[in-house]
Student: 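Quick one: the structure is below, and I'll ask about it shortly.
Chain identifiers are assigned alphabetically (A, B, ...) following the order of the sequence lines, protein sequences preceding nucleic acid strands; residue numbering begins at 1 within each chain. Please read these numbers as outputs of a predicted model, since none were measured by experiment.
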Amino acid sequence: MLHKADYSAPFFVAAALTLFFIGGILTTVVPPLIDASWAKPFENSDPTKGVTGKLVQLNETEQKGRKIYIREGCWYCHTQQIRTILADTKRYGWRGVDAPISTPDEFVYDAPHLFGTKRTGPDLARVGGKYNEQWHKAHFRNPADLVPGSIMPPFPWIADNPEEFKALVAYMQTLGRAKNWRPDNDYEK
Amino acid sequence: MQKEELIQNVGETPVAPAAKRSDSIHDDTTAKIFIASSVSYFVIVGLVALIIAAKFSMPSFLGSVQYLTYGRMRPLHVNGMLFGWLLAADMGLMFYVVPRLCGVKLWSEKLGIATGILWNAIILGAVVSLVMGWNQGLEYAELPTLLDVGVVVAWIMFGANIFGTIATRKYNAMYVSLWYAMGTILWTAFVYLTGNFATLFTTGVNQANLNWMYVHNAVGLIFTPVGLAIAYYFIPRVSNNPLYSHKLSMIGFWSLAFVYVWTGAHHMLHGPISQWLQTITIVFSVMLLIPVWAAVYNFISTMRGQWHQLRENVSLKFLMSGVVFYLLTCFQGPMHSLRAVNAIVSKTDWIPGHAHMAVLGAFSFFAIAGTYHVVPLIFKTKLYSEALANWSFWLFLIGGLGFFVTLWLGGFWQGWQWNNPAIPFIDTVVALKPVWHVRLGSGFLMFGGIITFAYNILATILGPKGEEMEANVAVA
């Protein structure tokens, strides 16, 4: 049947687009219609149903920090997703508590999404509250001072710019906090 | 006798009887613009590639300037190679191939020239935006919306010219390269709109799903089909040998048309996206073996009894090594879509190893082969130096293999370390340093390949031409 496409350009175009659109529509338009969790912000106040918490939108300062995070390309080396892999939950948990797995409802307000594809540095999905502002300042000035062997470059123009530094740290402290996963609320500021 | 008949039928094979070159109906100005500018970007962006590879070995290298940090240079490298070098080279070769397969002039040379100018303006705009950090934060879709609009306009102009040429064709039957050229234009239009415009109206996982549909299909439905159009044209043409099987090329094309678009979400395996969608993308990712093996079997069989030609012909060396890399990279792809393998290699250095084998090892090799073959023909001269071309091949091949193989091994090793939470993250970084040193060394070899290739092309373009040279070429 497709032999006709060897001779007729209009037939070819129709066939090539039809085949493409079957998969195209079923994998891009249909999934958000089927899976409501893609669009419903996380909210849980019942501890028997797992981690409690509520996803809130970023405030103005945090938004600004997120823009700096994008501008500097942090997301090329740091992912933001705890995958359904045991080692991910162990590695990115801290002080003896495992990190909860990332779920779609935690990212409803993210635009652009920053899930990332490459972990040249560690995942940051649950980094919010892990380090205090003092630590971040020293780390942005020269990461290898705090983490010997680190290949993250220094960002002095952020560490020494109080406004940008505050905004970026404010954003980073929100990461993973929709789920209030620390039993003793031991988040750093 | 049978071969003679095949040669007459353009629908079966692009081996047309050699016409006297002075009788050529083709103008080729558009092809010249695209090819010359793509080769220039190859050199410039190759330098950026070396810089970012060096940053892994020497983290403070060029790090004191905000505009030269890894976060700015990496998107410049990716976008520059994809759109400045490879897509522009592919478009240039289509401007050469399509009119010849149709037996008519390019539909509009003026429109083609305008497309070339617009394309260069977009690339220059992209360089400025990315260095300044005007980044939209979506992979492969970093460019500001204004430039995205420019790309859409340029793509419509390109499509109009190619479809216009095909609509006015002299030969009724359309050779397989024409299907791939048309498929590229049609699918790319929708894939690009999804990745650069539909993403603006969505958030979170929904946006990520569209983003990965675009990223995956930028390779699968842009560079793959246009790369195969080039391979299907130049492998028979350069070896002067009919294509092995028309039926196989149909199986390859139509299965690609159906299967590829389903697989975008495999970039989110184990991630925060619906499990059933992950399963669908895994099933279709494995099915990708069908179009790949059909095309590769066809290419390899076309060369039956003709492999000795690889000794003398640099274009064929690039083409057939590209075929092998295509086979390998498209075996990796389905395999690391399997959950068990993905749990090890995802997010590691394996991934750049895989991506480079596809975009550099397979599709850039095809484009380089086409450029080596076409430039002497359209500039009515002969290649400046066969020996230098041979050097460029071995530099690319050895540098490329060094890059791919160390990153796969390193990536696997890295993934195993990550899966043991007792190993601190920083130890897995320090462990990878030797891998990154080898990658930098391989980068120098590949950059040597780029320089010898670009110099050879430049010297060919600027070298002696004219009737005398033309007569020599026709005899050869």
Side-chain angles (χ1 to χ4, degrees), chain A residues 2 5-7 9 12-13 15-17 19-20 22-24 26-28 31-32 34-35 38-39 70-77 79 81 83-85 87 90-91 101-104 106-119 121-122 144 147-154 157, chain B residues 11 55-56 59-60 63 66 69-72 74-75 133 135-139 166-167 172-174 179 182-183 186-187 190 194 203-211 213 250 254 257-258 261-262 264-265 267-268 270-274 277 280 343 347-348 351 418-421 425-426 429-430:
Chain A
L2 286 167
D6 293 359
Y7 299 95
F12 172 93
V13 171
L17 285 182
L19 287 175
F20 169 83
I22 295 171
L26 286 177
T27 57
T28 60
I34 295 180
D35 192 336
W38 289 22
I70 294 164
R71 183 191 74 198
E72 298 297 333
C74 308
W75 49 286
Y76 288 116
C77 295
T79 52
Q81 44 177 315
R83 297 174 297 166
T84 50
I85 292 177
K90 297 277 177 208
R91 179 176 294 287
I101 286 164
S102 299
T103 46
E106 291 180 84
F107 302 94
V108 173
Y109 300 127
D110 279 18
H113 77 85
L114 296 170
F115 291 118
T117 45
K118 178 82 187 352
R119 284 178 180 165
V147 188
S150 170
I151 63 163
M152 176 168 154
W157 51 88
Chain B
K55 282 171 183 287
F56 278 83
S60 56
Q66 191 175 358
T69 48
Y70 182 82
R72 313 268 174 120
R74 185 191 125 141
N135 187 322
Q136 290 203 336
L138 294 168
E139 256 182 281
I166 291 171
N172 190 22
M174 293 184 289
W179 317 339
M182 289 190 289
L186 295 171
W187 301 323
F190 293 100
T194 306
T203 62
V205 173
N206 193 4
Q207 186 197 44
N209 187 44
L210 300 180
N211 182 208
M213 183 271 196
M250 286 184 70
W254 293 106
F258 180 65
V261 68
W262 294 77
H267 291 250
M268 292 277 285
H270 299 291
I273 197 164
S274 322
L277 186 57
I280 289 174
K347 322 281 184 277
T348 70
I351 302 301
W418 286 354
N419 281 333
N420 177 359
F425 190 87
I426 186 63
V429 174
V430 174

Student: Looking at side-chain heavy atoms only, is the closest gap between B:Gln207 and A:Phe107 below 4.5 Å?
Tutor: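 When only atoms from C-beta onward are counted, A:Phe107 and B:Gln207 do not touch, as no gap falls below 4.5 Å.
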
Student: For B:Asn209, is it the side chain, the backbone, both or neither that has a heavy atom under 4.5 Å from a heavy atom of chain A?
Tutor: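 Side chain only.
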
Student: Pick from A:Phe115, A:Tyr109, A:Phe12: which one has the most heavy-atom pairs with chain B under 4.5 Å?
Tutor: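 If we count pairs closer than 4.5 Å to chain B, A:Phe12 comes out on top.
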
Student: Tell me, for A:Ala5 versus chain B, whether the close heavy atoms (under 4.5 Å) come from the side chain, the backbone, both or neither.
Tutor: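 A:Ala5 touches chain B through backbone and side-chain heavy atoms alike.
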
Student: Quick check on B:Tyr70 against chain A: is it the side chain, the backbone, both or neither that has a heavy atom closer than 4.5 Å?
Tutor: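 For B:Tyr70, the side chain is the part near chain A, not the backbone.
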
Student: Given a strict heavy-atom distance threshold of 4.5 Å, which part of B:Ser274 is in contact with chain A: side chain, backbone, both, or neither?
Tutor: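 Backbone plus side chain of B:Ser274, per the 4.5 Å heavy-atom cut-off to chain A.
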
Student: Which of the residues A:Thr79, A:Val147, A:Thr27 is involved in the greatest number of heavy-atom pairs with chain B at under 4.5 angstrom?
Tutor: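 Option with the top pair count is A:Thr27.
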
Student: Spell out, as yes or no, whether a donor-acceptor pair under 3.5 Å connects the side chain of B:Thr203 to the backbone of A:Val108.
Tutor: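 Yes; at least one donor-acceptor contact below 3.5 Å.
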
Student: Picking from A:Pro154, A:Pro31, A:Pro122, A:Ser150, which has the most non-hydrogen pairs under 4.5 angstrom with chain B?
Tutor: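 The candidate making the most pairs under 4.5 Å is A:Pro122.
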
Student: Checking A:Cys74 against chain B: side chain, backbone, both or neither under 4.5 Å from a heavy atom?
Tutor: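 Looking at A:Cys74, nothing touches chain B.
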
Student: What residue in A:Pro153, A:Ser102, A:Pro104 has the most heavy-atom pairs under 4.5 Å with chain B?
Tutor: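 Ranked by heavy-atom pairs under 4.5 Å with chain B, first place is A:Pro104.
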
Student: A:Leu114 versus chain B, heavy atoms under 4.5 Å apart: side chain, backbone, both or neither?
Tutor: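 For A:Leu114, side-chain heavy atoms alone lie under 4.5 Å from chain B.
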
Student: Hey, which of A:Pro112, A:Gly73, A:Ala111 has the most heavy atom pairs under 4.5 Å with chain B?
Tutor: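 When all of A:Pro112, A:Gly73, A:Ala111 are compared, A:Pro112 has the most.
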
Student: Where on A:Ala15 is there a heavy atom nearer than 4.5 Å to chain B: the side chain, the backbone, both, or neither?
Tutor: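 Its backbone and side chain both get close to chain B.
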
Student: Against chain B, label A:Ile34 side chain, backbone, both or neither, depending on which of its atoms sit under 4.5 Å from a heavy atom there.
Tutor: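 The side chain, not the backbone.
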
Student: Go through the atoms of B:Ala208 and report whether side chain, backbone, both or neither lie under 4.5 Å from a heavy atom of chain A.
Tutor: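 Contact with chain A involves both backbone and side-chain atoms of B:Ala208.
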
Student: Please look at B:Asn420 and chain A and tell me whether the side chain, the backbone, both or neither of the residue comes under 4.5 angstrom of a heavy atom of that chain.
Tutor: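 For B:Asn420, the backbone is the part near chain A, not the side chain.
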
Student: With a 4.5 angstrom heavy-atom cut-off, could you sort out which part of B:Leu277 is near chain A: side chain, backbone, both or neither?
Tutor: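 Side chain only.
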
Student: Select one option (side chain, backbone, both, neither) describing which atoms of A:Thr103 are under 4.5 Å from chain B's heavy atoms.
Tutor: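 A:Thr103 touches chain B through backbone heavy atoms alone.
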
Student: Name the orientation class of the two ring planes belonging to A:Phe20 and B:Phe190 (parallel below 30°, tilted from 30 to 60°, perpendicular beyond 60°).
Tutor: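 If you compare the ring of A:Phe20 with that of B:Phe190, the planes turn out tilted.
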
Student: For the CD1 atom of B:Ile426 and the CE atom of A:Met152, what is their distance to the nearest 0.5 Å?
Tutor: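 Here the interatomic distance stands at 11.5 Å.
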
Student: Out of A:Lys118, A:Gln81, A:Glu106, A:Lys90, return the one with the most heavy atom pairs under 4.5 angstrom to chain B.
Tutor: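 With the most close heavy-atom pairs to chain B, the winner is A:Lys118.
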
